[in-house]
Amino acid sequence: GQQLNQSPQSMFIQEGEDVSMNCTSSSIFNTWLWYKQDPGEGPVLLIALYKAGELTSNGRLTAQFGITRKDSFLNISASIPSDVGIYFCAGLVLETSGSRLTFGEGTQLTVNP
Amino acid sequence: DVKVTQSSRYLVKRTGEKVFLECVQDMDHENMFWYRQDPGLGLRLIYFSYDVKMKEKGDIPEGYSVSREKKERFSLILESASTNQTSMYLCASSLFMWGTGYNEQFFGPGTRLTVL
């Protein structure tokens, strides 16, 4: 089945810094989604990407669907303490997985005030 | 906004008990999913359902069953709870449009189950 490699596994940054994380795969994906999970809560959808090359922003967050369709990145600009949490990428392969998403293992983000 | 609710945020059960985890969504979504989340293992799909009374095994169905009698409700059942089923359980739902790749899954708040 498909696998997603998400990196880095964890990040420790100072408030105000920019953050970048990415997911890569050997498989081609039709859809990329980015989620954030606060401690003790369920993941919340941040950004959805449906076309290769697509660049989408949501406030201070920007995500891109890689041209090769095998990767995606998420950037957070000017981080703030409430950005703390686990960020997950998720991908969908239409032909082989129907509606099942494949998830990365997450990037744990810590922001020091 | 899509709302996915789970019956309990925290649950403590004993080994061998039958456990029911309930999930309800209010957006008329066809698809519903149950995942478990463990440190270092990410999100793993247990079961999912495309429609009422339909179910499909995910990656780790052993020790679990599901029930979907109504479109808005998807139940996860642990027939005989074991300590290795201590985990965070997450329910999700989505409106899947065939052929489009649209599959935004919306998650509930999770149930943290401890089996003693």
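Bear in mind that the values here come from a model prediction, so they are computed numbers and not experimental data. Quick note on labels: first sequence line is chain A, next is B, and so on, each numbered from 1.
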Q. How many angstroms lie between CD in A:Glu105 and CG in B:Leu41, if you round to the nearest 0.5 Å?
A. 7.0 Å

Q) Out of curiosity, B:Ser94 OG to A:Leu33 CG, how far, rounded to the nearest 0.5 Å? A) 10.0 Å

(Q) Tell me whether B:Phe74 shares a hydrophobic cluster with B:Met88, the cluster being built from Ile, Leu, Val, Met, Phe, Trp, Tyr side chains joined at under 4.5 Å. (A) no

Q.
Please classify the contact of A:Gln6 with chain B as side chain, backbone, both or neither, using a heavy-atom distance under 4.5 Å.
A. neither

Q: Pick one of side chain, backbone, both or neither for B:Arg44, based on which atoms fall under 4.5 Å of a heavy atom in chain A.
A: neither

(Q) Hydrophobic clusters here meaning ILVMFWY residues chained together by side-chain heavy-atom distances under 4.5 Å, can you tell me if B:Leu11 and B:Ile77 are in one? (A) no

Q.
Is there a path of hydrophobic side-chain contacts, each under 4.5 Å between heavy atoms, that joins B:Tyr89 and B:Tyr47?
A. yes

Q) Are B:Leu76 and B:Val19 connected in a single hydrophobic cluster, I mean Ile/Leu/Val/Met/Phe/Trp/Tyr linked by side-chain heavy atoms less than 4.5 Å apart? A) yes

Q: Kindly compute the distance separating CD (B:Glu104) from CG (A:Leu101), expressed to the nearest 0.5 Å.
A: 10.0 Å

Q: Taking atom CD of B:Glu17 as the centre, report whether more than 12 heavy atoms of other residues, nucleotides or ligands fall under 6.0 Å from it.
A: yes

Q.
Test your reading of the model: is there a side-chain donor-acceptor pair from A:Tyr35 to the backbone of B:Phe107, 3.5 Å cut-off?
A. no

Q: Treat each ILVMFWY residue as a node, draw an edge where side-chain heavy atoms are under 4.5 Å apart, and state whether A:Val84 and A:Met11 are in one component.
A: yes

Q | B:Leu90 and A:Gln37, any side-chain heavy atoms less than 4.5 Å apart | A | yes

Q | Sorted by number, residues from residues 53-65 of chain B in contact with chain A (heavy atoms, under 4.5 Å) | A | B:Lys57, B:Gly58, B:Asp59

Q: Report yes if the side chains of A:Phe103 and B:Gln37 come closer than 4.5 Å at any heavy-atom pair, otherwise no.
A: no

Q) Do A:Glu41 and B:Arg9 touch side chain to side chain, with heavy atoms closer than 4.5 Å? A) yes

